[in-house]
Amino acid sequence: MKTLSYRVDQDRIFQRVLELAEIGKVGETGTQRFALTEEDKEAQLLVSSWMKEAGMCVWHDHFGNLIGRKEGSDPRLPVVMIGSHIDTVPNGGRFDGTVGVIGGIEVVQAIHEAGIAHRHPIEVVAFCDEEGSRFSDGLFGSRGMIGKVSKEDFLLKDEAGVTRYEALKSFGFGMNPDEFKKSVRKKGEIKVFLEMHIEQGPYLEQYKKPVGIVKGIAGPAWLKVQLRGEAGHAGTVPMSLRRDPMTGAAEIIKKIEDICKGDTTGTMVGTVGVIEAFPGGRNVIPESVVFTLDLRDIDLERRNRALQEIEAEIREVCNERDLNFHVGKLQEIDPVHCSAEVVQSLEASSRELNIDAPVMISGAGHDAMFMAEITEMGMIFVRCRGGISHNPKEWANREDIAKGTQVLARTVEKYI
Ligand SMILES: CSCC[C@H](NC(N)=O)C(=O)O
Ligand SMILES: [Mn+2]
């Protein structure tokens with residue numbers, strides 16, 4: 001069946017992924033592009049040029065989302081939207097997010113170059129600040145697009161003390177956070193949201209499949225735990241007299257690992273990615289220690305029970321060690337299920353293309369989680385080597401990315 005999927009240019013996709021990765025390059029194969037930075041601006045200009053080449057008009061909404069739109073025969077019809085992100089984690093890889101934006105542009109470019117008529121408008125979105133690397137809460141652009149961003153979200157500060165509001169206000173491209181309400185999309189405005197993304201886990205490689213179809217996305221809870229004891233001289237204070245928040249943190253972090261490892265389903269994961277000590281002297285018992293916790297599960301009840309267990313452990317360890325503590329919630333996102341109808345449509349597209357794509361769960365979070373609140377949502381996964389992600393070693397091969405884009409194209413064809 002000669003469908004749009006045959007027009008996907010795998011070399012053009014792969015070259016664009018590698019070209020984009022040169023912006024914010026770290027070492028040989030790493031990338032670091034935090035939201036609303038100079039690197040992000042350079043990347044947005046490059047991606048905008050590809051969107052225009054694909055026949056789209058391009059603009060930024062007031063949440064900093066980069067949007068390309070190709071009109072159909074009836075502009076009043078709801079949008080067929082494809083999206084992901086181009087911002088990264090610190091010292092990240094080259095494929096996380098970019099594969100979905102570049103793959104989406106490729107689908108529209110194939111339609112444009114083939115002169116394929118379609119009724120619905122198509123939009124490709126590079127969502128702002130998906131990773132939350134700069135302002136410590138993620139999925140900002142997609143949360144904003146569905147109207148779930150508060151004024152406080154604009155006041156979050158980066159390490160230099162710059163607020164997200166100031167970063168948006170000064171980024172250019174006509175965006176203005178004072179008018180963010182104008183950029184909110186309502187239920188009914190979008191017919192379907194599709195996101196293609198590297199799996200960022202080992203499942204597809206383990207089962208030797210190039211592509212997967214997502215049926216559910218685990219929900220992340222992000223916490224900031226602060227422990228306070230008493231600073232002292234590393235050489236003179238006997239161990240029995242110390243109120244050391246670092247050893248308290250070590251005991252708590254080990255208990256977090258035990259709680260997560262104790263989950264027999266294997267879907268509960270907990271990560272302490274950042275830990276800082278004040279004042280941070282090698283011969284000073286710290287006065288305070290701050291660490292982050294990223295706790296996820298596909299089952300909301302199980303995740304919240306684990307959170308309660310962890311908070312009880314924090315209380316117990318701090319009582320025993322005479323430490324003060326504060327647990328702050330940075331973000332809590334519920335797990336979501338993908339639209340059954342879209343999952344079936346993606347499965348049918350894979351079958352029609354003779355691609356054996358298993359249905360699976362996503363441990364990583366995605367912009368699709370929030371888009372599911374206002375429209376039917378589906379996700380396509382692309383195999384990545386060793387399941388490695390959030391790491392300069394991240395890699396997906398051009399054939400697998402092309403297969404994922406073909407499934408995306410075949411499915412988009414059914415909706416436009
Ligand atoms: C929950 S906000 C951060 C989203 C990020 N997403 C990906 N795909 O890496 C993650 O899963 O860590
Ligand atoms: Mn990521």
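Counting convention: from 1, in listed order, for ligands and their atoms alike. Because the structure is a prediction, the values reported are computed rather than measured.
Aromatic ring centroids of F381 and H366 lie under 6.0 Å apart.
The distance criterion of under 3.5 Å between nitrogen or oxygen atoms is not met by Q331 with respect to ligand 1. Not a single N or O atom of W222, backbone or side chain, sits closer than 3.5 Å to an N or O atom of ligand 1. For a threshold of 3.5 Å applied to N or O pairs, the pair formed by E130 and ligand 1 contains at least one separation below that value. An N or O contact shorter than 3.5 Å links R296 to ligand 1 by distance. Considering backbone and side-chain N/O atoms, I333 never comes within less than 3.5 Å of an N/O atom of ligand 1.
The protein atom (non-hydrogen) at minimum distance from atom 8 (N) of ligand 1 is Q200 OE1, 2.9 Å. Closest protein heavy atom to atom 5 (C) of ligand 1: E131 OE1, 3.4 Å. Atom 9 (O) of ligand 1 has its closest protein heavy atom at H390 NE2, 2.9 Å.
The Mn ion (ligand 2) has an N, O or S atom of D96 closer than 2.8 Å.
Only the side chain of P220 comes within contact range of ligand 1, with a heavy atom under 4.0 Å; no backbone atom does. Contact annotation: for D137 versus ligand 1, there are no heavy atoms closer than 4.0 Å.
Near A364, with a cut-off below 4.0 Å to any heavy atom, the atoms of ligand 1 are 8 (N), 11 (O).
The nearest pair of heavy atoms linking P358 to V211 is CD-O, 3.2 Å. Across A306 and M268, no two heavy atoms sit closer than the pair CB-CE, 3.5 Å.
For the 3.5 Å distance criterion, the side chains of N304 and Q308 fail to qualify, holding no donor opposite an acceptor. Side-chain N/O atoms of E152 and S150 include a donor and acceptor closer than 3.5 Å. Side-chain polar atoms of D367 and H85 form no donor-acceptor pair below 3.5 angstrom. Under the 3.5 Å distance criterion, with hydrogens and angles disregarded, a donor-acceptor pair is assigned to the side chains of Q109 and E113.
R7 CZ: 12 or fewer foreign heavy atoms inside a 6.0 Å radius.
Contact analysis leaves G132 out of contact with ligand 1, as no non-hydrogen atom separation drops below 4.0 angstrom.
Between R410 and E413, at least one side-chain nitrogen of the basic residue sits less than 4.0 Å from a carboxylate oxygen of the acidic one, meeting the salt-bridge criterion.
Between NE2 of H390 and OE2 of E131, the angle at the Mn ion (ligand 2) works out to 120°, rounded to 10 degrees.
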